[in-house]
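The structure appears right after this line, and notes come after that.
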2 protein chains.
Amino acid sequence: MAGESKPVIWMRPEQAPVGRPAERSRAEITAAAVELADREGLEAVSMRRVAAVLGTGAASLYRYVATRDDLLDLMTDSTAGEYDLSAPSGDWQADLLEIAHQARKIMRRHHWLPTLVITRPTLGPHAIDLLEHVLDVLAGHPANPARKLEAFALLNALTALFVQNELTTAHPGAQRQFAHLHHVAAGGSHPRIAALLAATSPEGNSRDPFATVLTRTLTGVLG
Amino acid sequence: MAGESKPVIWMRPEQAPVGRPAERSRAEITAAAVELADREGLEAVSMRRVAAVLGTGAASLYRYVATRDDLLDLMTDSTAGEYDLSAPSGDWQADLLEIAHQARKIMRRHHWLPTLVITRPTLGPHAIDLLEHVLDVLAGHPANPARKLEAFALLNALTALFVQNELTTAHPGAQRQFAHLHHVAAGGSHPRIAALLAATSPEGNSRDPFATVLTRTLTGVLG
DNA sequence: CGGTGTTCGCGAACACTGTTTGCGAAAGAG
DNA sequence: CTCTTTCGCAAACAGTGTTCGCGAACACCG
(Lines give C-alpha, C1' and ligand atoms only; values in the text may rest on other atoms or scores of the structure.)
Protein backbone atom coordinates (compact mmCIF):
# COMPACT_ATOMS: atom_id res chain seq x y z
CA MET A 1 0.00 0.00 0.00
CA ALA A 2 1.12 3.57 -0.61
CA GLY A 3 0.52 6.59 1.64
CA GLU A 4 3.09 5.60 4.24
CA SER A 5 2.77 8.58 6.57
CA LYS A 6 5.88 9.99 8.22
CA PRO A 7 6.05 9.89 12.02
CA VAL A 8 8.07 12.33 14.09
CA ILE A 9 11.80 11.91 13.64
CA TRP A 10 12.34 10.77 17.24
CA MET A 11 10.33 7.64 16.57
CA ARG A 12 12.21 6.53 13.49
CA PRO A 13 15.16 4.23 14.24
CA GLU A 14 18.47 5.89 13.61
CA GLN A 15 20.13 2.88 12.04
CA ALA A 16 18.66 0.00 10.08
CA PRO A 17 19.21 -3.37 11.73
CA VAL A 18 20.50 -4.95 8.50
CA GLY A 19 22.42 -3.87 5.43
CA ARG A 20 25.47 -1.70 5.09
CA PRO A 21 26.06 0.28 8.31
CA ALA A 22 25.94 4.04 8.12
CA GLU A 23 29.20 5.96 8.13
CA ARG A 24 27.86 8.81 10.25
CA SER A 25 25.29 9.41 12.96
CA ARG A 26 22.48 11.88 13.50
CA ALA A 27 24.48 13.43 16.31
CA GLU A 28 27.43 14.00 14.01
CA ILE A 29 25.28 15.69 11.39
CA THR A 30 23.48 17.73 14.02
CA ALA A 31 26.78 18.91 15.44
CA ALA A 32 27.95 20.00 12.01
CA ALA A 33 24.73 21.93 11.43
CA VAL A 34 24.94 23.59 14.84
CA GLU A 35 28.52 24.60 14.28
CA LEU A 36 27.62 26.05 10.91
CA ALA A 37 24.68 27.97 12.34
CA ASP A 38 26.75 29.31 15.22
CA ARG A 39 29.29 30.56 12.74
CA GLU A 40 27.16 31.89 9.87
CA GLY A 41 23.55 31.90 11.01
CA LEU A 42 20.50 29.77 10.32
CA GLU A 43 20.13 30.67 6.67
CA ALA A 44 23.59 29.24 6.02
CA VAL A 45 22.35 25.82 7.12
CA SER A 46 21.52 24.35 3.75
CA MET A 47 21.74 20.66 3.01
CA ARG A 48 24.63 21.24 0.64
CA ARG A 49 26.62 23.34 3.07
CA VAL A 50 26.08 20.98 5.98
CA ALA A 51 27.16 18.12 3.75
CA ALA A 52 30.23 20.12 2.74
CA VAL A 53 31.19 20.57 6.39
CA LEU A 54 31.01 16.80 6.79
CA GLY A 55 32.82 16.20 3.52
CA THR A 56 29.97 14.23 1.96
CA GLY A 57 27.39 14.70 -0.75
CA ALA A 58 24.16 16.58 -0.08
CA ALA A 59 21.92 13.66 -0.97
CA SER A 60 23.57 11.50 1.67
CA LEU A 61 22.01 13.54 4.46
CA TYR A 62 18.62 12.19 3.48
CA ARG A 63 19.68 8.80 4.82
CA TYR A 64 19.70 10.37 8.27
CA VAL A 65 16.95 12.95 8.01
CA ALA A 66 13.73 13.00 6.02
CA THR A 67 13.74 16.75 5.48
CA ARG A 68 15.59 19.91 6.35
CA ASP A 69 13.01 20.71 9.00
CA ASP A 70 13.89 17.46 10.70
CA LEU A 71 17.47 18.64 10.85
CA LEU A 72 16.34 21.91 12.43
CA ASP A 73 14.41 19.93 15.04
CA LEU A 74 17.53 17.92 15.79
CA MET A 75 19.48 21.13 16.24
CA THR A 76 16.90 22.53 18.63
CA ASP A 77 16.79 19.40 20.73
CA SER A 78 20.55 19.12 20.86
CA THR A 79 20.72 22.49 22.60
CA ALA A 80 18.19 21.25 25.15
CA GLY A 81 20.94 18.86 26.19
CA GLU A 82 23.09 21.75 27.38
CA TYR A 83 21.06 22.35 30.52
CA ASP A 84 22.65 21.54 33.86
CA LEU A 85 19.72 20.26 35.87
CA SER A 86 20.10 19.96 39.62
CA ALA A 87 17.56 18.52 42.05
CA PRO A 88 14.52 20.65 42.96
CA SER A 89 15.16 22.88 45.95
CA GLY A 90 11.57 23.15 47.12
CA ASP A 91 11.23 26.74 45.94
CA TRP A 92 9.67 26.29 42.52
CA GLN A 93 9.92 29.95 41.57
CA ALA A 94 13.65 30.01 42.18
CA ASP A 95 14.16 26.74 40.34
CA LEU A 96 12.19 27.86 37.31
CA LEU A 97 14.08 31.13 37.22
CA GLU A 98 17.34 29.22 37.32
CA ILE A 99 16.21 27.21 34.31
CA ALA A 100 15.22 30.39 32.51
CA HIS A 101 18.62 31.89 33.12
CA GLN A 102 20.28 28.80 31.73
CA ALA A 103 17.96 29.00 28.73
CA ARG A 104 19.04 32.55 28.16
CA LYS A 105 22.71 31.60 28.26
CA ILE A 106 22.15 28.76 25.84
CA MET A 107 20.21 30.94 23.45
CA ARG A 108 22.92 33.55 23.53
CA ARG A 109 25.47 30.89 22.75
CA HIS A 110 23.37 29.84 19.72
CA HIS A 111 21.91 33.03 18.34
CA TRP A 112 19.72 31.11 15.86
CA LEU A 113 17.93 29.24 18.63
CA PRO A 114 15.24 31.79 19.59
CA THR A 115 13.85 31.80 16.09
CA LEU A 116 13.66 28.02 15.99
CA VAL A 117 12.18 27.71 19.48
CA ILE A 118 9.46 30.18 18.58
CA THR A 119 8.61 29.10 15.07
CA ARG A 120 8.76 25.31 15.45
CA PRO A 121 8.36 24.20 19.04
CA THR A 122 9.40 20.56 19.36
CA LEU A 123 9.71 18.00 22.11
CA GLY A 124 12.73 15.86 21.35
CA PRO A 125 14.36 13.55 23.89
CA HIS A 126 16.37 16.27 25.59
CA ALA A 127 13.45 18.68 25.71
CA ILE A 128 11.35 15.90 27.21
CA ASP A 129 13.94 15.39 29.93
CA LEU A 130 13.75 19.11 30.61
CA LEU A 131 9.96 18.96 30.76
CA GLU A 132 10.16 16.06 33.19
CA HIS A 133 12.49 18.11 35.34
CA VAL A 134 10.16 21.12 35.30
CA LEU A 135 7.24 18.90 36.26
CA ASP A 136 9.38 17.57 39.07
CA VAL A 137 10.01 21.11 40.25
CA LEU A 138 6.29 21.78 40.12
CA ALA A 139 5.34 18.46 41.71
CA GLY A 140 4.07 20.03 44.89
CA HIS A 141 2.24 22.81 43.13
CA PRO A 142 -1.55 22.46 43.11
CA ALA A 143 -2.31 23.43 39.55
CA ASN A 144 -4.09 21.93 36.58
CA PRO A 145 -1.64 19.74 34.64
CA ALA A 146 -2.59 21.64 31.51
CA ARG A 147 -1.49 24.86 33.22
CA LYS A 148 1.87 23.35 34.04
CA LEU A 149 2.36 22.48 30.40
CA GLU A 150 1.46 26.03 29.46
CA ALA A 151 3.93 27.33 31.99
CA PHE A 152 6.65 25.22 30.42
CA ALA A 153 5.81 26.46 26.94
CA LEU A 154 5.70 30.06 28.10
CA LEU A 155 9.02 29.76 29.88
CA ASN A 156 10.68 28.68 26.66
CA ALA A 157 8.89 31.04 24.36
CA LEU A 158 9.21 34.13 26.53
CA THR A 159 12.89 33.57 27.05
CA ALA A 160 13.32 33.18 23.31
CA LEU A 161 11.45 36.42 22.71
CA PHE A 162 13.61 38.27 25.18
CA VAL A 163 16.88 37.01 23.80
CA GLN A 164 15.78 37.61 20.25
CA ASN A 165 14.88 41.14 21.21
CA GLU A 166 18.19 41.92 22.86
CA LEU A 167 20.02 40.32 19.97
CA THR A 168 18.24 42.29 17.26
CA THR A 169 18.36 45.64 19.03
CA ALA A 170 22.13 45.31 18.98
CA HIS A 171 22.00 44.70 15.25
CA PRO A 172 22.51 47.73 12.95
CA GLY A 173 19.14 47.12 11.28
CA ALA A 174 17.35 48.18 14.46
CA GLN A 175 19.02 51.58 14.36
CA ARG A 176 17.21 52.32 11.11
CA GLN A 177 13.89 51.42 12.71
CA PHE A 178 14.74 53.79 15.53
CA ALA A 179 15.62 56.54 13.07
CA HIS A 180 12.27 56.01 11.41
CA LEU A 181 10.52 56.40 14.75
CA HIS A 182 12.29 59.71 15.32
CA HIS A 183 11.24 60.82 11.87
CA VAL A 184 7.62 60.03 12.67
CA ALA A 185 7.86 61.83 15.99
CA ALA A 186 9.08 64.94 14.21
CA GLY A 187 6.02 64.79 11.95
CA GLY A 188 3.66 66.45 14.43
CA SER A 189 0.97 63.80 14.82
CA HIS A 190 1.85 61.04 17.30
CA PRO A 191 2.66 63.38 20.18
CA ARG A 192 2.84 60.49 22.66
CA ILE A 193 5.61 58.85 20.68
CA ALA A 194 7.46 62.15 20.46
CA ALA A 195 7.19 62.59 24.22
CA LEU A 196 8.40 59.06 24.77
CA LEU A 197 11.43 59.55 22.58
CA ALA A 198 12.24 62.85 24.24
CA ALA A 199 11.92 61.47 27.74
CA THR A 200 13.89 58.28 27.39
CA SER A 201 17.62 57.91 27.62
CA PRO A 202 18.80 55.78 24.72
CA GLU A 203 21.23 53.87 26.91
CA GLY A 204 21.76 53.07 30.57
CA ASN A 205 18.29 51.81 31.35
CA SER A 206 17.42 50.51 34.73
CA ARG A 207 17.40 46.87 35.75
CA ASP A 208 16.93 43.92 33.46
CA PRO A 209 13.20 43.16 33.31
CA PHE A 210 13.78 39.54 32.30
CA ALA A 211 13.34 37.98 35.73
CA THR A 212 10.47 40.25 36.70
CA VAL A 213 8.36 39.67 33.64
CA LEU A 214 9.02 35.98 33.67
CA THR A 215 8.05 35.36 37.28
CA ARG A 216 4.96 37.50 36.92
CA THR A 217 3.90 35.56 33.87
CA LEU A 218 4.53 32.20 35.48
CA THR A 219 2.60 33.05 38.60
CA GLY A 220 -0.06 34.37 36.26
CA VAL A 221 -0.54 31.11 34.43
CA LEU A 222 -0.07 28.91 37.49
CA GLY A 223 -2.52 30.83 39.63
CA MET B 1 29.64 57.60 -4.65
CA ALA B 2 28.66 53.96 -4.24
CA GLY B 3 27.53 52.23 -1.04
CA GLU B 4 24.07 53.76 -1.05
CA SER B 5 22.65 52.11 2.07
CA LYS B 6 18.99 51.04 2.09
CA PRO B 7 16.72 52.78 4.59
CA VAL B 8 13.55 51.21 5.96
CA ILE B 9 10.85 50.82 3.32
CA TRP B 10 8.54 53.31 5.04
CA MET B 11 11.00 56.10 4.34
CA ARG B 12 11.40 55.45 0.64
CA PRO B 13 8.95 57.39 -1.53
CA GLU B 14 6.38 55.13 -3.13
CA GLN B 15 6.42 56.89 -6.48
CA ALA B 16 9.15 58.80 -8.26
CA PRO B 17 8.26 62.44 -8.91
CA VAL B 18 9.30 62.27 -12.57
CA GLY B 19 9.31 59.72 -15.35
CA ARG B 20 6.73 57.17 -16.38
CA PRO B 21 4.16 56.71 -13.58
CA ALA B 22 3.81 53.29 -12.00
CA GLU B 23 0.87 51.14 -13.00
CA ARG B 24 0.33 49.71 -9.53
CA SER B 25 0.73 50.71 -5.91
CA ARG B 26 2.34 49.18 -2.86
CA ALA B 27 -1.11 48.71 -1.38
CA GLU B 28 -2.26 46.75 -4.41
CA ILE B 29 0.73 44.46 -4.26
CA THR B 30 0.39 44.05 -0.52
CA ALA B 31 -3.27 43.14 -0.91
CA ALA B 32 -2.40 40.48 -3.47
CA ALA B 33 0.26 39.02 -1.19
CA VAL B 34 -2.11 39.00 1.79
CA GLU B 35 -4.82 37.30 -0.21
CA LEU B 36 -2.36 34.68 -1.40
CA ALA B 37 -1.08 34.06 2.13
CA ASP B 38 -4.60 33.80 3.51
CA ARG B 39 -5.41 31.20 0.89
CA GLU B 40 -2.22 29.12 0.71
CA GLY B 41 0.04 30.16 3.56
CA LEU B 42 3.19 32.21 3.89
CA GLU B 43 5.44 29.88 1.97
CA ALA B 44 3.24 30.34 -1.08
CA VAL B 45 4.08 34.04 -1.10
CA SER B 46 6.90 34.01 -3.62
CA MET B 47 7.66 36.93 -5.88
CA ARG B 48 6.61 34.95 -8.92
CA ARG B 49 3.31 33.83 -7.44
CA VAL B 50 2.42 37.28 -6.14
CA ALA B 51 3.23 38.67 -9.56
CA ALA B 52 1.05 36.02 -11.15
CA VAL B 53 -1.88 37.05 -8.96
CA LEU B 54 -1.42 40.59 -10.23
CA GLY B 55 -0.93 39.43 -13.81
CA THR B 56 2.54 40.93 -14.14
CA GLY B 57 6.10 39.73 -14.32
CA ALA B 58 8.07 38.86 -11.21
CA ALA B 59 10.79 41.40 -11.82
CA SER B 60 8.25 44.21 -11.88
CA LEU B 61 7.63 43.85 -8.17
CA TYR B 62 11.13 45.12 -7.50
CA ARG B 63 10.01 48.55 -8.67
CA TYR B 64 7.79 48.66 -5.58
CA VAL B 65 9.78 46.67 -3.07
CA ALA B 66 13.50 46.24 -2.58
CA THR B 67 13.29 42.68 -1.32
CA ARG B 68 10.84 39.97 -0.39
CA ASP B 69 11.29 40.80 3.29
CA ASP B 70 10.06 44.30 2.55
CA LEU B 71 6.92 42.77 1.13
CA LEU B 72 6.45 40.74 4.30
CA ASP B 73 6.80 43.93 6.33
CA LEU B 74 4.15 45.57 4.19
CA MET B 75 1.86 42.61 4.80
CA THR B 76 2.36 42.81 8.55
CA ASP B 77 1.69 46.51 8.69
CA SER B 78 -1.38 46.25 6.51
CA THR B 79 -2.98 43.98 9.11
CA ALA B 80 -2.25 46.59 11.77
CA GLY B 81 -4.71 48.73 9.87
CA GLU B 82 -7.54 46.36 10.74
CA TYR B 83 -7.81 47.50 14.35
CA ASP B 84 -10.87 49.42 15.40
CA LEU B 85 -9.49 51.90 17.91
CA SER B 86 -11.89 53.76 20.16
CA ALA B 87 -11.04 56.47 22.64
CA PRO B 88 -9.42 55.45 25.94
CA SER B 89 -11.97 54.68 28.65
CA GLY B 90 -9.79 55.48 31.62
CA ASP B 91 -9.33 51.82 32.57
CA TRP B 92 -6.05 50.98 30.90
CA GLN B 93 -6.23 47.28 31.71
CA ALA B 94 -9.60 46.94 30.03
CA ASP B 95 -8.49 48.96 27.02
CA LEU B 96 -5.32 46.93 26.53
CA LEU B 97 -7.27 43.71 26.83
CA GLU B 98 -9.67 44.95 24.20
CA ILE B 99 -6.76 45.58 21.88
CA ALA B 100 -5.38 42.15 22.58
CA HIS B 101 -8.70 40.55 21.72
CA GLN B 102 -8.77 42.42 18.45
CA ALA B 103 -5.22 41.31 17.78
CA ARG B 104 -6.28 37.74 18.34
CA LYS B 105 -9.15 38.07 15.90
CA ILE B 106 -6.90 39.62 13.29
CA MET B 107 -4.28 36.94 13.69
CA ARG B 108 -6.88 34.23 13.34
CA ARG B 109 -8.10 35.87 10.18
CA HIS B 110 -4.52 35.80 8.82
CA HIS B 111 -3.01 32.59 10.09
CA TRP B 112 0.44 33.55 8.77
CA LEU B 113 0.56 36.70 10.90
CA PRO B 114 1.80 35.26 14.21
CA THR B 115 4.94 33.93 12.58
CA LEU B 116 5.70 37.27 10.96
CA VAL B 117 4.95 39.29 14.09
CA ILE B 118 7.29 37.11 16.11
CA THR B 119 10.15 36.65 13.68
CA ARG B 120 10.35 40.15 12.19
CA PRO B 121 8.78 42.78 14.41
CA THR B 122 8.28 46.00 12.48
CA LEU B 123 6.82 49.42 13.07
CA GLY B 124 5.12 50.52 9.89
CA PRO B 125 2.68 53.44 9.71
CA HIS B 126 -0.32 51.47 10.94
CA ALA B 127 1.64 49.84 13.74
CA ILE B 128 2.86 53.28 14.76
CA ASP B 129 -0.69 54.51 14.94
CA LEU B 130 -1.47 51.55 17.14
CA LEU B 131 1.50 52.33 19.36
CA GLU B 132 0.38 55.92 19.66
CA HIS B 133 -3.04 54.69 20.72
CA VAL B 134 -1.56 52.36 23.32
CA LEU B 135 0.56 55.18 24.69
CA ASP B 136 -2.57 57.27 24.85
CA VAL B 137 -4.28 54.54 26.84
CA LEU B 138 -1.29 54.45 29.18
CA ALA B 139 -0.95 58.22 29.36
CA GLY B 140 -1.98 58.42 32.99
CA HIS B 141 0.09 55.46 34.04
CA PRO B 142 3.21 56.35 36.04
CA ALA B 143 5.73 54.04 34.44
CA ASN B 144 9.08 54.31 32.74
CA PRO B 145 8.56 55.04 29.02
CA ALA B 146 10.83 52.13 28.25
CA ARG B 147 8.49 49.87 30.22
CA LYS B 148 5.54 51.06 28.20
CA LEU B 149 7.35 50.17 25.02
CA GLU B 150 8.10 46.73 26.42
CA ALA B 151 4.46 46.34 27.34
CA PHE B 152 3.47 47.11 23.77
CA ALA B 153 5.96 44.62 22.38
CA LEU B 154 4.87 41.95 24.82
CA LEU B 155 1.22 42.49 24.01
CA ASN B 156 1.87 41.79 20.36
CA ALA B 157 4.31 38.95 20.84
CA LEU B 158 2.35 37.11 23.52
CA THR B 159 -0.83 37.28 21.51
CA ALA B 160 1.02 35.94 18.51
CA LEU B 161 2.41 33.08 20.58
CA PHE B 162 -1.02 32.19 21.86
CA VAL B 163 -2.68 32.22 18.48
CA GLN B 164 0.16 30.30 16.91
CA ASN B 165 -0.17 27.72 19.63
CA GLU B 166 -3.91 27.26 19.23
CA LEU B 167 -3.52 27.11 15.46
CA THR B 168 -0.80 24.47 15.47
CA THR B 169 -2.42 22.23 18.09
CA ALA B 170 -5.38 21.98 15.76
CA HIS B 171 -3.06 20.92 12.94
CA PRO B 172 -2.62 17.15 12.36
CA GLY B 173 1.13 17.46 12.86
CA ALA B 174 0.61 18.16 16.54
CA GLN B 175 -1.19 14.86 17.00
CA ARG B 176 2.00 13.04 16.10
CA GLN B 177 3.91 15.01 18.71
CA PHE B 178 1.27 14.01 21.21
CA ALA B 179 1.55 10.38 20.20
CA HIS B 180 5.28 10.61 20.71
CA LEU B 181 4.72 11.98 24.20
CA HIS B 182 2.48 9.04 25.04
CA HIS B 183 5.12 6.71 23.71
CA VAL B 184 7.69 8.29 26.00
CA ALA B 185 5.34 8.12 28.96
CA ALA B 186 4.91 4.40 28.38
CA GLY B 187 8.66 3.96 28.50
CA GLY B 188 8.93 3.95 32.28
CA SER B 189 11.26 6.84 32.93
CA HIS B 190 9.55 10.26 32.97
CA PRO B 191 6.90 9.35 35.53
CA ARG B 192 5.77 12.96 35.88
CA ILE B 193 4.92 13.14 32.20
CA ALA B 194 3.06 9.86 32.43
CA ALA B 195 1.08 11.16 35.37
CA LEU B 196 0.31 14.34 33.53
CA LEU B 197 -0.95 12.49 30.48
CA ALA B 198 -3.04 10.18 32.63
CA ALA B 199 -4.58 13.01 34.64
CA THR B 200 -5.55 15.36 31.87
CA SER B 201 -8.61 15.19 29.71
CA PRO B 202 -7.63 15.69 26.09
CA GLU B 203 -10.56 18.00 25.44
CA GLY B 204 -12.93 20.19 27.36
CA ASN B 205 -10.37 22.16 29.35
CA SER B 206 -11.42 24.90 31.64
CA ARG B 207 -11.42 28.60 30.81
CA ASP B 208 -9.29 30.30 28.19
CA PRO B 209 -6.07 31.47 29.87
CA PHE B 210 -5.45 34.14 27.27
CA ALA B 211 -6.82 37.09 29.20
CA THR B 212 -5.40 35.93 32.52
CA VAL B 213 -1.84 35.43 31.35
CA LEU B 214 -1.86 38.63 29.38
CA THR B 215 -3.09 40.90 32.15
CA ARG B 216 -0.68 39.31 34.61
CA THR B 217 2.21 39.87 32.27
CA LEU B 218 1.26 43.45 31.54
CA THR B 219 0.90 44.35 35.18
CA GLY B 220 4.20 42.56 35.67
CA VAL B 221 6.11 44.72 33.25
CA LEU B 222 4.29 47.93 34.13
CA GLY B 223 4.73 47.48 37.86
C1' DC C 1 34.10 -19.08 1.23
C1' DG C 2 30.59 -17.37 -1.93
C1' DG C 3 26.27 -15.76 -2.57
C1' DT C 4 22.27 -12.80 -1.13
C1' DG C 5 19.64 -9.28 0.86
C1' DT C 6 19.71 -4.91 2.25
C1' DT C 7 21.21 -0.43 3.10
C1' DC C 8 24.54 3.39 2.03
C1' DG C 9 26.71 7.14 -0.53
C1' DC C 10 25.98 10.24 -3.83
C1' DG C 11 26.21 12.44 -8.94
C1' DA C 12 22.79 14.17 -11.58
C1' DA C 13 18.52 16.06 -12.34
C1' DC C 14 13.99 18.57 -11.29
C1' DA C 15 11.33 22.20 -9.86
C1' DC C 16 11.61 25.82 -7.43
C1' DT C 17 13.45 30.23 -5.12
C1' DG C 18 15.13 35.57 -4.65
C1' DT C 19 17.40 38.79 -7.24
C1' DT C 20 20.08 41.39 -11.28
C1' DT C 21 20.63 42.90 -15.81
C1' DG C 22 19.44 45.00 -19.94
C1' DC C 23 16.53 47.06 -22.97
C1' DG C 24 12.28 48.64 -25.34
C1' DA C 25 8.35 51.31 -24.32
C1' DA C 26 5.82 54.85 -21.98
C1' DA C 27 4.89 59.19 -20.05
C1' DG C 28 5.56 63.97 -18.47
C1' DA C 29 8.51 68.31 -18.95
C1' DG C 30 10.63 71.94 -21.69
C1' DC D 1 8.81 66.96 -30.65
C1' DT D 2 12.71 65.92 -28.18
C1' DC D 3 14.64 64.58 -23.92
C1' DT D 4 14.83 62.68 -19.61
C1' DT D 5 13.45 59.57 -16.47
C1' DT D 6 11.10 55.81 -14.85
C1' DC D 7 8.48 51.43 -15.82
C1' DG D 8 7.61 46.66 -17.12
C1' DC D 9 9.55 42.59 -17.73
C1' DA D 10 11.97 38.38 -20.36
C1' DA D 11 16.01 36.16 -19.50
C1' DA D 12 19.68 34.77 -16.81
C1' DC D 13 22.31 33.70 -12.40
C1' DA D 14 23.15 31.53 -8.30
C1' DG D 15 21.39 29.35 -5.29
C1' DT D 16 17.64 26.06 -2.73
C1' DG D 17 15.17 21.37 -1.02
C1' DT D 18 14.36 17.03 -2.64
C1' DT D 19 14.11 12.64 -5.70
C1' DC D 20 16.03 9.02 -8.63
C1' DG D 21 18.94 5.49 -9.80
C1' DC D 22 22.74 2.75 -9.37
C1' DG D 23 27.26 0.97 -8.01
C1' DA D 24 29.54 -0.25 -3.94
C1' DA D 25 29.79 -1.90 0.77
C1' DC D 26 28.68 -4.61 4.45
C1' DA D 27 26.52 -8.58 7.48
C1' DC D 28 24.67 -12.62 7.60
C1' DC D 29 23.92 -17.53 6.12
C1' DG D 30 24.39 -21.79 3.97
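Lettering of chains follows the sequences in order, A, B, ..., and the numbering in each one begins at 1.
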Go through the side-chain N and O atoms of Asp38(B) and Trp112(B) and say whether any donor and acceptor fall under 3.5 Å apart. yes
Write down the distance between CZ (Arg48(A)) and C1' (dC10(C)), rounded to a whole number of angstrom. 12 Å
Check the distance between dT18(D)'s P and Leu71(A)'s CG and give it to me in whole angstrom. 10 Å
Rounded to whole Å, CE of Met47(B) lies from P of dG8(D) at a distance of 13 Å
Mind running a 4.0 Å heavy-atom check of residues 59-68 of chain A against DNA chain C and sending the residues that fall below it, in number order? Ala59(A), Ser60(A), Arg63(A), Tyr64(A)
Minimum heavy-atom separation for Val163(B) to Arg104(B), with atom names? CG2-CG, 3.8 Å
Scan side-chain atoms only and decide if His126(B) and Glu82(B) contain a donor-acceptor pair under the 3.5 Å cut-off. no
Can you see if the side chain of Thr56(A) gets near the phosphate of dG9(C) - specifically, an N or O under 4.0 Å from OP1 or OP2? no
Among dT16(D), dG18(C), dA25(C), the nucleotide that comes nearest once only the side chain of Arg49(A) is considered: dT16(D)
Applying a 4.0 Å non-hydrogen cut-off, can you work out what Gly19(A) is touching in the nucleic acid: base, sugar-phosphate, or nothing? base
For Asn156(B), side chain to side chain donor-acceptor pair (under 3.5 Å) partners two or more places apart: none
Gap between atoms CZ and P, on Arg20(A) and dG23(D) respectively (whole Å): 14 Å
In whole angstroms, how far is the P atom of dA25(C) from the CD atom of Glu23(B)? 15 Å
Under 4.0 Å, counting only non-hydrogen atoms across every strand here, what does Val50(B) touch: a base, just sugar-phosphate, or nothing? nothing
Ignoring hydrogens and angles, state whether a donor on the side chain of Asp129(B) or His190(A) is under 3.5 Å from an acceptor on the partner side chain. yes
Expressed as a whole number of angstroms, how long is the span from Leu54(A):CG to dC8(C):C1'? 15 Å
Distance in angstrom units between Arg12(B) CZ and dT6(D) C1', rounded: 16 Å
Are the side chain of Lys148(B) and the backbone N or O of Leu138(B) linked by a donor-acceptor pair below 3.5 Å? yes
Asp69(B) CG to dT17(C) P, in whole Å, measures 16 Å
Short N-O contact, Asp84(A) and Lys105(A), less than 4.0 angstrom: no
